[in-house]
Amino acid sequence: MAVSGLVDTVLLTAAGAFVLFAIVLVYRIVAGPTMQDRVIAVNGIGTNAVVVLALLAAALDQPGFLDIALVYGMLNFLMSIAISKFTVERGGVI
């Protein structure tokens with residue numbers, strides 16, 4: 001197996017591991033006792049999606065995936081801020 005093939009295999013395996021981590025976080029979304037736990041889990045899934053897209057971009061030599069990952073990362077950040085602001089104003093945390 002060539003070095004390039006080995007690197008691709010490692011990158012794809014790492015992407016698969018991050019997908020498994022995201023699946024585990026779905027449990028926290030469903031069973032999370034508080035809204036903050038659910039927000040953190042959704043943010044974690046979004047972050048894992050960005051990492052998976054970046055790993056796939058490197059493994060499959062598709063630089064367009066990096067653009068998608070960048071946009072998705074920004075949307076994930078804005079979603080976390082929006083939900084956090086909503087829960088703080090409604091819940092009276094501060």
Side-chain angles (χ1 to χ4, degrees):
M1 178 179 274
V3 174
S4 175
L6 179 64
V7 171
D8 291 344
T9 303
V10 169
L11 290 174
L12 290 174
T13 304
F18 277 103
V19 168
L20 289 176
F21 295 152
I23 291 170
V24 171
L25 284 173
V26 170
Y27 170 75
R28 183 51 53 198
I29 291 173
V30 173
T34 65
M35 182 66 166
Q36 287 80 12
D37 290 332
R38 291 181 173 104
V39 169
I40 298 273
V42 169
N43 191 11
I45 288 175
T47 302
N48 281 343
V50 170
V51 171
V52 167
L53 283 169
L55 288 171
L56 288 176
L60 302 176
D61 197 25
Q62 294 289 327
F65 286 178
L66 291 176
D67 296 335
I68 296 168
L70 183 63
V71 170
Y72 192 75
M74 289 187 285
L75 288 174
N76 186 35
F77 172 73
L78 290 175
M79 182 271 315
S80 296
I81 297 298
I83 291 176
S84 297
K85 185 167 177 53
F86 174 75
T87 58
V88 166
E89 287 179 1
R90 274 198 96 170
V93 176
I94 294 179

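In this structure, CG in L20 is found 11.5 Å from CG in L25, a value given to the nearest 0.5 Å. Here the straight-line distance linking atom CD1 of I45 with atom CD1 of I40 works out to 12.5 Å at 0.5 Å rounding. To the nearest 0.5 Å, the span separating CG on D8 from CG on L56 amounts to 11.0 Å. Rounded to the nearest 0.5 Å, atoms CZ (R38) and CD1 (I83) are 12.0 Å apart. The distance from atom CD of Q62 to atom CD1 of I68, rounded to the nearest 0.5 Å, is 9.5 Å.
The ring-ring contact (aromatic ring centres under 6.0 Å, His included) contacts involving residues 14-34 comprise F18-F21, where partners must be two or more places apart or lie in separate chains.
The side chain to side chain contact (heavy atoms under 4.5 Å, CB included) test applied to A49 returns Y72, not counting sequence neighbours. Partners of V19 by side chain to side chain contact (heavy atoms under 4.5 Å, CB included), not counting sequence neighbours, listed by chain and number: I23, V52. Applying the side chain to side chain donor-acceptor pair (under 3.5 Å) test to N48 and every residue at least two apart in sequence or in another chain returns nothing. Scored by the side chain to side chain donor-acceptor pair (under 3.5 Å) test, D37 finds T34 as partners (sequence neighbours excluded). Applying the ring pair (Phe, Tyr, Trp, His ring centres under 6.0 Å) rule to F77 yields no partners; only residues at least two apart in sequence or on another chain are considered. Applying the side chain to side chain contact (heavy atoms under 4.5 Å, CB included) rule to L66 yields the partners A54, A57; only residues at least two apart in sequence or on another chain are considered. Take T13 and apply the side chain to side chain contact (heavy atoms under 4.5 Å, CB included) test, not counting sequence neighbours, and it matches T9.
Across all their heavy atoms, A41 and I29 have their closest contact at CB-CG1, 3.5 Å.
V50 and L53 are members of different hydrophobic clusters when ILVMFWY side chains are connected at heavy-atom separations under 4.5 Å. No continuous path of ILVMFWY side-chain contacts below 4.5 Å connects M74 to V51, so the two sit in separate hydrophobic clusters.
A side-chain contact (heavy atoms from CB on, under 4.5 Å) with F65 is found for one member of L55, L60, L70 and no other, namely L60.
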